[in-house]
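Positions are given from 1 along the sequence.
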Amino acid sequence: MTDDDLIGLHGKESSGPRWAPMRDINNAAARLVAEGRPTEATAKFEEAYRLTLVPDIDAAGLDARARVLGNLASLAEHRGDTDEALRLAEEALLACERAEREAGDRYGTVAVRTSVLIHRAQTFQLLGRYDDALTDLDTALLLIDTADDDHNNRLLAFTVHNTRTVQLIYLEQLEAAEAAARHALALATAHDPRLAAHPYSNLALIAQSHNEHDAAMTYLRLAEQIHTAAGNTTEAALVVANQGRVAARRGDTDTAVRLLAAAEQALLDGEQPLRAAEIRLGRAHAAFQIGDTDLAGSLLPQATETFRGAGHVVMLAEALGLQGDMLAAEGDLYAAENAYLEARALYQETGARYHLARVDMRRAIALSDLAERATEPHEQLDLMQKALYLSLPSALATDAIRHTYAPGTAREQWAATVAIPAMAHALHLAMALQDGALISELLEHMSGTMSLHAPSPAAAFTTGIDAFEPPMPTAATEELSFAASAFVTGVSAGFPTPRFALPPRMRVNPNRPSALEPWIAAAEQWYGFAIRSDQVVDAW
């Protein structure tokens, strides 16, 4: 129920003169959303909803009610009221069911139900309820597969593939995510080029994860141009924020600070507090990187509070990780560990296994940095041993992730920019502790990286994002109109790629127990995936 120049669902048969006033109000509200005026839009949508609260409502009115409720659910999520978003989505689905019982798909209600399911999956994913999100997405996919090939279905097909891309990014399946993003881009180009900005943003996010910063910036500039030309100020601000993150990771902190601050202000002006908090976290990261701890400390608490209130577990975990880094830099290791462990618990809950390794590496770095500042030899030794206890399993897991990539540039990029620095940190600690047996076995382990026959796709573990500060998937939160609104939903076993099997375990000295094997076993237990195959071969 939006005008043709807005991206949204089209009705099939007219709802008739009875519901014309309600339809006009809904369309006016949708235009306010597109103009970045969500508070006024919410009031308009609520006015339209009240017109449907009549005892003799018919199927056309129920269809109209479901559309308005879907819009209200989207706005509730964007202001951080996830409980209200879920309540409104549930009411919208009930209205769809009633309308379909009375009139089938006469008014295009099946497409509305599909879109509400996708949007509810968005909210579930934000809350870390991935199984619920996947259930809704699977249902939406079934509805799309059985529908006619019309405007609504093509729009919803794009939305599913676009949002599935970011779900795969969250689940650390970057190769499948890139395939989904390129498929979404093809659908957008064929259906409505204004939609192409979203897959471009996701392709930038994937490029960032491989430290391909020039490619990421190119994609983001394309996305910004498309959003700006279409008048989508909120989406353009989110793209600018991602440009700021790329600049920060390139070391261009002045540009990063400027872009992130401008993007946050644009989202605050557009009454998008949850999205603004995501960018505020990015500003805190950038400030901490350049040593402005006062600014970082002033930005982080408000962002963290917003994430807690909204139940935004992904961003809350990132905020807690940064809090741990800041506390560790101040020398408050006890408070830092508490922050890291809270972040770790969130990653454990959502099944983000590489992020578990990443936060453990941050804990190890905090301990090794403190060891360097220690003056007592006994204290220094104790801290280095504790750091190795965290660093080596994390490094082994990070290194093992390369074997989930198909052979090619992305695999080598992961090894060079993520795995090798992680392994170097663990090796440095082993050398500082003068553990010769562990050092020799670790070097042999690092040398044996591939085997030439592939496992089944189901045996492959998912890829990670970055060693210490991943690009955050805010591109997926770019707001579309109701028909296209969705976040990160759904996983698929599609897009299989050939890959190497896990390499064997290396036996350096057959006359003594392995020094490395207990560490491999610990890593497999902590992170829940295989580090090496069961095969054992002699190093010499």
query = How long is the span from the CG atom in Leu156 to the CG atom in Leu143, to the nearest 0.5 Å?
reply = 9.5 Å

remark   = When every non-hydrogen atom of Gln167 is compared with those of Tyr130, the smallest separation belongs to NE2-CD2, 4.0 Å

key: Test applied, side chain to side chain contact (heavy atoms under 4.5 Å, CB included); reference residue, Leu238; option that passes from His227, Arg275, Gln243, Gln272   = Arg275

key: Test applied, side chain to side chain contact (heavy atoms under 4.5 Å, CB included); reference residue, Leu69; option that passes from Leu88, Val116, Val112   = Leu88

ask   = Does Asp360 reach the side chain of Tyr527, with side-chain heavy atoms less than 4.5 Å apart?
value = yes

query = Could you state the interatomic distance from CZ (Arg250) to CG (Asn211), rounded to the nearest 0.5 Å?
reply = 12.0 Å

message = Quick check against the 3.5 Å criterion: does Arg362 have a side-chain atom that pairs as donor or acceptor with the backbone of Gly321?
response = yes

request  = Answer whether the closest heavy-atom distance between the side chains of Phe529 and Ile401 falls below 4.5 Å.
outcome  = yes

ask   = If we only count heavy atoms from C-beta on, is the Leu86 to Phe124 side-chain gap below 4.5 Å?
value = yes

ask   = Is the side chain of Arg79 donor-acceptor paired with the backbone N or O of Pro273 at a distance under 3.5 Å, no angle test?
value = no

CD on Glu175 to CD on Glu178, rounded to 0.5 Å = 8.5 Å

ask   = Taking side chain as C-beta onward, heavy atoms only, is His312 less than 4.5 Å from Leu274?
value = yes

request  = Find out whether Leu320 and Leu316 are in side-chain contact, i.e. whether some heavy atom of one side chain is under 4.5 Å from a heavy atom of the other.
outcome  = yes

message = To the nearest 0.5 Å, what is the distance between OG1 on Thr163 and CG on Leu137?
response = 6.0 Å

request  = Please lay out, stage by stage, how Glu337 and Arg344 fare under the test salt bridge (charged side-chain N to carboxylate O under 4.0 Å, His left out).
outcome  = CA-CA 10 Å; Glu337 182 72 353; Arg344 197 182 195 283; over 6 Å; no

request  = Measure the spacing between CG of Leu346 and CG of Leu341 and express it to the nearest 0.5 Å.
outcome  = 11.0 Å

request  = Determine the interplanar angle of the His151 and His191 rings, folded into 0 to 90°, and report it as parallel if under 30°, tilted if 30 to 60°, perpendicular if over 60°.
outcome  = tilted

task = Compute whether any side-chain donor of one residue and acceptor of the other, for His355 and Arg358, lie under 3.5 angstrom apart.
result = yes

key: Short side-chain donor-acceptor distance under 3.5 Å, Asp325 and Tyr340   = yes

query = Can you check whether Leu168's main-chain N or O pairs, donor with acceptor, with Gln173's side chain at less than 3.5 Å?
reply = no

query = With no hydrogens and no angle check, is any side-chain donor or acceptor of Arg363 less than 3.5 Å from a backbone partner on Leu390?
reply = no

query = Between Tyr219 and Tyr200, what is the shortest heavy-atom contact and its length?
reply = CB-O, 3.4 Å

message = Does this structure show an ion pair linking Asp132 with Arg120, if we count only N-O contacts that are shorter than 4.0 Å?
response = no

query = With side chains defined as the heavy atoms from C-beta onward, is the minimum distance between Phe45 and Val33 less than 4.5 Å?
reply = yes

Pairing of Glu305 and Arg308 as salt bridge, 4.0 angstrom limit = no

task = Indicate whether the side chain of Asn338 and that of Glu342 have a donor and an acceptor atom separated by less than 3.5 Å.
result = no

ask   = So, does Thr159 use its side chain to make a donor-acceptor pair with the main chain of Leu155 at under 3.5 Å?
value = yes

inquiry  = What's the separation between atom NE2 in His198 and atom CG in Leu185, rounded to the nearest 0.5 Å?
reply    = 12.0 Å

message = Donor-acceptor pair, distance only, cut-off 3.5 Å: does the side chain of His78 make one with the backbone of Ser74?
response = yes

ask   = So, for Thr165 and Ala177, which heavy atoms are closest and what is the spacing to 0.1 Å?
value = CG2-O, 3.4 Å

task = Heavy atoms only: give me the nearest Ala237-Ile279 pair and the separation to one decimal.
result = O-CD1, 4.5 Å

ask   = Passes salt bridge (charged side-chain N to carboxylate O under 4.0 Å, His left out), Arg87 versus Glu90? Steps please.
value = CA-CA 5 Å; Arg87 186 192 68 77; Glu90 182 64 25; over 6 Å; no

key: Residue pairs fulfilling salt bridge (charged side-chain N to carboxylate O under 4.0 Å, His left out) with at least one residue in residues 281-302, sequence neighbours excluded   = Glu264-Arg283

query = Without hydrogens or angle criteria, can the side chains of Arg245 and Gln208 be said to hold a donor-acceptor pair below 3.5 Å?
reply = no

note = Correct closest heavy-atom pair for Ala530 and Ala400 would be O-CB, 4.3 Å

inquiry  = Regarding Glu35 and Arg31, does a basic nitrogen lie under 4.0 Å from an acidic carboxylate oxygen?
reply    = no

task = Would you indicate whether the side-chain heavy atoms of Thr398 and Met361 approach each other to under 4.5 Å?
result = no

query = So do Ser298 and Leu295 actually touch side chain to side chain, heavy atoms under 4.5 Å?
reply = yes

ask   = With distance as the sole test, does Asn153 use its side chain to make a donor-acceptor pair with the main-chain N or O of Ile144 at under 3.5 Å?
value = yes

